[in-house]
Amino acid sequence: MNTILVGAQWGDEGKGKIIDVLTEEADIVVRTQGGNNAGHTVEIGKEKFILHLIPSGILRAGKKCVIANGVVIDPVALVQEIEGLEKRGIKLAGRLLISETAHLVLPYHRKLDEQRELRKGRDKIGTTKRGIGPAYGDKAARTGLRLIDLTQPKVFSAKLKIRLEENNAILESLGGTPLSFLEVEKSYLEAGKKLRPFVTNTVIWLHGQLQKQKRLLFEGAQGTFLDIDFGTYPYVTSSNTTAGGSSTGSGVPPHRMDRVVGVMKAYTTRVGEGPLPTESAEVSDMLHAMGREFGATTGRARRCGWFDAVATRYARMVNGIDELAITNLDGLDSLKQLQICIAYECRGKRLQYPPNDAEELLDCRPVYRKFAGWQESTTEVRHFKKLPAAAQKYLNALADLTGARLKIVSVGAQREQTFSVA
Ligand code: IMP
Ligand code: MG
């Protein structure tokens with residue numbers, strides 16, 4: 001059984017936690033897109049781990065993890081993450097494999113990301129400033145550097161020299177400061193040396209594992225509405241965050257995928273700019289007052305709103321979601337009344353799916369269906385049937401309106417606070 005796990009909203013659905021749980025039934029966890037813009041939080045007992053590039057499957061002993069070709073890698077950040085985990089006693093040797101064709105994020109990507117955001121002013125995307133867009137831009141423009149280059153110092157230095165000259169000129173024209181070749185070369189080659197034992201042809205390795213009937217779990221980063229093709233463009237990230245990205249990002253063909261699990265919060269959140277039809281000050285204030293919904297990567301307060309079934313319905317379609325994992329139910333425990341957005345009213349029309357034009361989406365008004373709250377804590381509940389009746393009703397409505405089967409519910413940050421719905 002090979003499983004794809006995707007975010008069905010705008011990212012931060014709690015994927016790290018669900019992957020950690022699903023990893024129990026998998027042998028290998030594979031990251032296929034995005035970079036260290038992602039932040040996956042997993043809490044085990046008193047320990048809290050925030051992972052950016054390494055699949056959270058690494059926290060389960062014996063499981064193997066792959067950073068596949070579709071990911072963009074900041075090698076210096078990756079080495080920091082590896083060393084951070086090793087310091088906490090997590091052994092990575094022989095358990096982490098990194099694709100030699102994954103593209104590198106270079107310091108000029110980060111600087112360009114920053115400069116372009118600055119120049120956009122009020123129209124900024126609100127990126128994580130990790131250089132993700134410019135790195136994927138270079139990949140598509142065929143001017144990128146890859147791990148296979150970094151592990152060959154001479155090749156890397158020669159290519160870097162040319163790339164740095166061009167990018168320094170661009171940076172200066174945008175008002176940024178140029179980068180020193182020697183500094184970048186030194187820090188990157190150092191990181192390259194540390195990464196070398198992990199770097200391999202992951203396509204061939206993964207196919208070898210498939211032949212041995214190993215079970216793969218594809219860990220999506222970000223979410224459906226941050227997808228470069230299906231998201232609220234241009235307020236998106238630069239990769240395919242939806243199910244198809246797992247195949248192109250790993251070389252594991254689509255017909256080997258058996259199941260798609262969509263993760264969504266029991267409400268909606270988004271970090272960064274762009275339309276969010278169900279955004280609500282009431283929901284934001286309540287969650288922030290509880291100390292919830294601050295970004296794992298940038299610490300920014302997330303924008304919050306009511307559950308948007310128009311969005312998740314589309315996410316189910318694009319990803320082919322079979323099963324749903326609903327997280328953060330406990331965030332709604334105190335509410336007297338809840339709302340779910342079931343359609344949009346937009347320019348005189350009623351819409352069942354989100355429009356592709358960001359301007360039109362800004363004009364959309366949610367049509368809400370009201371639900372009674374349960375006003376009791378769900379954090380100790382471990383069986384669906386033990387949830388308050390109003391919470392069961394609410395969860396069933398989320399699944400029905402999205403059009404997929406409810407499979408997992410989570411009521412807190414701890415590993416144990418997750419249960420299967422039979
Ligand atoms: P970028 O991926 O840094 O270019 O940012 C593009 C948009 O995606 C911004 O709105 C970010 O806030 C958002 N974004 C990127 N990665 C994540 C994530 O892991 N969770 C939530 N939002 C993200
Ligand atoms: Mg996150």
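As the structure lists them, so they are numbered: ligands from 1, and atoms in each ligand from 1. The structure displayed is predicted, hence computed values, not measured ones.
- Looking at Asp12, Leu226, Val271 and measuring to atom 23 (C) of ligand 1, the nearest heavy atom belongs to Leu226.
- The shortest N or O to N or O distance between Ile132 and ligand 1 is not under 3.5 Å.
- When only interatomic distances are considered, the shortest N/O to N/O separation between Arg300 and ligand 1 falls below 3.5 Å.
- Taking the six-membered ring where the residue is Trp, the centroids of His40 and Phe49 are separated by 6.0 Å or more.
- Across all their heavy atoms, Ile228 and Ser238 have their closest contact at CD1-CA, 3.8 Å.
- Of the candidates Gly16, Ala38, Gly35, it is Ala38 that places a heavy atom closest to atom 19 (O) of ligand 1.
- Every atom of ligand 1 with a heavy atom of Thr127 under 4.0 Å away is listed here by number and element: 1 (P), 3 (O), 4 (O), 5 (O), 9 (C).
- Each of the following atoms of ligand 1 lies closer than 4.0 Å to a heavy atom of Val236: 6 (C), 7 (C).
- Salt bridge Glu114/Lys129: absent, no basic N to carboxylate O contact under 4.0 Å.
- At under 3.5 Å, not a single nitrogen or oxygen of Asp113, backbone or side chain, sits near a nitrogen or oxygen of ligand 1.
- Side chains of Ser410 and Thr327: no donor on one and acceptor on the other come within 3.5 Å.
- A salt bridge does not link Arg300 to Glu293: none of the charged side-chain nitrogens sits closer than 4.0 Å to a carboxylate oxygen.
- In plain terms, the two heavy atoms of Gly176 and Gln115 that are nearest each other are CA-NE2, 3.6 Å.
- Salt bridge Asp27/Lys64: absent, no basic N to carboxylate O contact under 4.0 Å.
- Numbered from 1 in the order shown, with element, the atoms of ligand 1 that lie under 4.0 Å from a heavy atom of Gly126 read 9 (C), 10 (O), 11 (C), 12 (O).
- Backbone and side-chain nitrogen or oxygen atoms of Arg130 are examined, and none is located within less than 3.5 angstrom of a nitrogen or oxygen of ligand 1.
- Under the salt bridge (Lys or Arg N to Asp or Glu O under 4.0 Å) rule, Arg88 has a single partner from Glu47, Glu81, Glu83, which is Glu47.
- At least one N or O atom of Gln222 sits closer than 3.5 Å to an N or O atom of ligand 1.
- Taking distance alone, with nitrogen or oxygen atoms compared against 3.5 Å, Asn37 approaches ligand 1 more closely than that limit.
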